[in-house]
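Okay, structure first, notes after.
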Amino acid sequence: QHHRAEELLLHQSGGNAVVGHDQGHLAAGDHAHADAQAYFHGTKVKSWSDDKYNYTKTSHYRLYRNGSMDYERVPVDGSSKMADDLMESLEPFTADGEVAFQTAYLSGYIADKYDVDSNESNARANERIKKSTLDRLTSTTTDFTSVTTESSSVQLDNGTVKYALYPVWLLTAKWNGDIYNFAMNGQTGKFVGNLPLDKGAYWRWTGLIALIATVAALAVSAFVLLN
């Protein structure tokens, strides 16, 4: 059989993305508003065959999406001592029952004052908002075989920065000379961190599982042959 591929010309596909209200949690102040638009190149691939040929038809589309989203209390790590990805893995936090800060709340606890200023925190929050907004626009293009972004823009306004203190429990463990950091969301109990790996035990268990699978496969083969 032979194979024929057909490339179709660009088709125009426009429309507005249906974008709902997305709420984050935590410390970026009042509602931040995002207006976004993006152009994508999408393809749809269809394949079929007859007695002589295999056919592939590829249709190309230029996609346009736009939409608006509001964000509230987008979290940003205020400590340079903690990895941002570790802190973000603890989300979501909740602002229910928030009260004005008093130093008495920290009595008996070890706590660090923030050392990331408001400008740096605001820039980080804006990046998170932009990424979430564009991800939402991209999620409306799932009907296509492949999609690549040609251009995009996100305009932000109304964002303000406020500082907040939320409970995070930290644990540091040392094993085989390496340091491992763990953290727990003090509101939800969500626990994150990188567990140490005993490579020797890992390979022993991997080999044992492979051996069991091989024996099982031979047993099944013997059963099939005998019956």
[X] side chain to [Y] main-chain N or O, any donor-acceptor pair under 3.5 Å?
| X | Y | value |
| --- | --- | --- |
| Y71 | T133 | yes |
| T145 | V45 | yes |
| R124 | D77 | no |
| T141 | T138 | yes |

Reported [atom1]-to-[atom2] distance for the pair [X] and [Y], which is rounded to 0.5 angstrom:
| X | Y | atom1 | atom2 | answer |
| --- | --- | --- | --- | --- |
| E91 | K190 | CD | NZ | 8.0 Å |
| L63 | Y39 | CG | OH | 11.0 Å |
| R65 | S139 | CZ | OG | 9.5 Å |
| D35 | M69 | CG | CE | 11.5 Å |
| Y55 | S47 | OH | OG | 12.5 Å |
| D85 | L90 | CG | CG | 10.5 Å |

State, to 0.1 Å, how close [X] and [Y] come at their nearest heavy-atom pair, and which atoms those are.
| X | Y | result |
| --- | --- | --- |
| S79 | D115 | CA-OD1, 3.3 Å |
| S49 | N54 | OG-OD1, 2.7 Å |
| A183 | M87 | CB-CE, 4.2 Å |
| L156 | A34 | CD2-CB, 3.5 Å |
| V76 | S121 | CG2-O, 3.6 Å |
| H41 | T43 | CE1-CG2, 3.9 Å |

Within-4.5 Å side-chain heavy-atom neighbours: [X] and [Y]:
| X | Y | result |
| --- | --- | --- |
| S68 | H33 | yes |
| T140 | F40 | no |
| K130 | S152 | no |

(request) May I ask whether L86 and F93 are part of the same hydrophobic cluster, defined by side-chain heavy atoms of I, L, V, M, F, W, Y residues being less than 4.5 angstrom apart, directly or through others? (result)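 Linked, L86 and F93 end up in one cluster.
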(request) Mind running side-chain contact (heavy atoms from CB on, under 4.5 Å) on N185 and Y166 for me, showing each step along the way? (result) CA-CA 9 Å; N185 184 320; Y166 286 83; over 6 Å; no
